[in-house]
Amino acid sequence: MKRIEARIKTMFGEIVIKSDSPQELLNMLETVPENFVEKISDFVSDRLTLSGAQLKGIVESTTEGPVIVTRENLTHYEAVGLILYASEEHKNTAAQVQKLLESSNIKSMVPARLNEMTKRGQVFKPDPNKPEFKLTIQGEKWIEDEVLKTLKEKTG
């Protein structure tokens with residue numbers, strides 16, 4: 001049986017509602033509470049603010065973009081991952097990541113690291129025609145659950 005879906009574009013992404021029939025889809029849409037998109041938007045915004053708090057003392061925002069400020073030793077993968085994690089929408093170009101790492105006094109062969117991180121499933125190219133790399137969900141979890149957790153334990 002064919003499925004039908006409605007895609008609701010929001011400022012933070014897309015909400016997809018799927019159904020087996022047009023009438024069922026309409027019924028589902030009727031049950032969506034008022035201000036649903038605004039409430040989700042606020043929730044997502046709060047989560048992003050939480051990310052900012054998690055990064056305090058580790059990464060700082062500058063006019064160029066996020067710069068690593070922690071004095072802890074990081075692997076090149078961790079440094080690249082942190083820059084992507086702190087970047088808008090968790091994505092950036094290899095050239096910009098390279099520039100931000102240089103501003104952080106970290107020397108790394110960013111294209112090579114991004115290639116290896118792609119093989120590990122930590123980053124991907126959302127659009128093959130564009131030079132941007134984005135953290136995968138697995139990559140975000142790695143930064144949050146391992147890298148940031150370890151850095152927070154070391155820095156107290």
Side-chain angles (χ1 to χ4, degrees), residues 5-18 29 32-156:
E5 62 184 45
R7 293 180 177 273
I8 303 164
K9 294 199 184 303
T10 67
M11 57 194 263
F12 59 82
E14 192 174 71
I15 299 170
V16 180
I17 301 174
K18 295 181 181 182
L29 287 170
V32 174
E34 274 188 53
N35 302 328
F36 177 70
V37 173
E38 290 86 355
K39 288 178 182 174
I40 288 183
S41 179
D42 290 345
F43 177 79
V44 170
S45 178
D46 289 347
R47 286 294 182 133
L48 292 176
T49 305
L50 254 178
S51 295
Q54 282 181 301
L55 296 172
K56 188 171 170 55
I58 299 168
V59 177
E60 282 184 13
S61 293
T62 69
T63 53
E64 287 180 48
V67 174
I68 296 172
V69 294
T70 184
R71 294 286 170 232
E72 296 297 327
N73 285 332
L74 299 170
T75 67
H76 290 179
Y77 301 106
E78 291 169 337
V80 169
L82 280 170
I83 293 292
L84 286 172
Y85 186 80
S87 296
E88 191 173 325
E89 296 181 23
H90 300 306
K91 69 179 174 186
N92 223 321
T93 64
Q96 183 66 8
V97 171
Q98 181 86 47
K99 189 173 157 188
L100 293 167
L101 286 177
E102 287 170 4
S103 295
S104 306
N105 290 319
I106 297 172
K107 290 176 178 26
S108 176
M109 294 294 295
V110 173
R113 298 299 81 80
L114 285 168
N115 186 31
E116 292 158 9
M117 291 171 78
T118 300
K119 290 176 184 172
R120 293 179 177 182
Q122 294 169 323
V123 300
F124 71 106
K125 288 185 86 168
D127 182 345
N129 299 321
K130 292 185 179 173
E132 292 179 322
F133 285 84
K134 180 174 173 55
L135 281 176
T136 62
I137 299 295
Q138 177 185 335
E140 289 177 31
K141 294 275 182 233
W142 166 64
I143 292 293
E144 292 168 355
D145 298 344
E146 295 177 36
V147 179
L148 288 174
K149 186 177 178 189
T150 302
L151 287 169
K152 286 290 181 189
E153 287 170 0
K154 288 181 179 178
T155 59

Pairs satisfying salt bridge (Lys or Arg N to Asp or Glu O under 4.0 Å), at least one member in residues 75-98, at least two apart
E89-K91, K91-E132
Working note: Q98 + S108, criterion side chain to side chain donor-acceptor pair (under 3.5 Å); need CA distance, chi angles, decisive distance, verdict.
CA-CA 7 Å; Q98 181 86 47; S108 176; over 6 Å; no
Start with the C-alpha distance between I17 and L29, add both sets of side-chain angles, then the distance that settles side chain to side chain contact (heavy atoms under 4.5 Å, CB included), and finish with yes or no.
CA-CA 8 Å; I17 301 174; L29 287 170; 3.5 Å; yes
So K134 and V123, side chain to side chain contact (heavy atoms under 4.5 Å, CB included) or not? Walk me through it.
CA-CA 5 Å; K134 180 174 173 55; V123 300; over 6 Å; no
Strictly by modelled atom types, are T136 and Q122 linked by a side-chain donor-acceptor pair under 3.5 Å?
no
State whether a side-chain donor-acceptor pair under 3.5 Å links E140 with Y85.
no
I would like to know whether E116 and K119 meet salt bridge (charged side-chain N to carboxylate O under 4.0 Å, His left out); could you show each step before the answer?
CA-CA 5 Å; E116 292 158 9; K119 290 176 184 172; over 6 Å; no
Might you point out which heavy atoms bring [X] and [Y] nearest each other, and give the distance in Å?
| X | Y | answer |
| --- | --- | --- |
| W142 | Y77 | CH2-O, 3.4 Å |
| L135 | G81 | CD1-O, 3.9 Å |
| H76 | R113 | CB-CD, 3.6 Å |
| V59 | P66 | CG1-CB, 3.6 Å |

Would you say [atom1] of [X] has more than 12 non-hydrogen atoms from neighbouring residues, nucleotides or ligands within 6.0 angstrom?
| X | atom1 | result |
| --- | --- | --- |
| E60 | CD | no |
| K125 | NZ | yes |
| N73 | CG | no |

Is it true that E102 and K99 have a side-chain N and a carboxylate O under 4.0 angstrom from each other?
no
Separation between CG (L151) and CG (L82), nearest 0.5 Å, reads 6.5 Å
If you measure from NE2 on H90 to CD1 on I137, what distance do you get to the nearest 0.5 Å?
8.0 Å
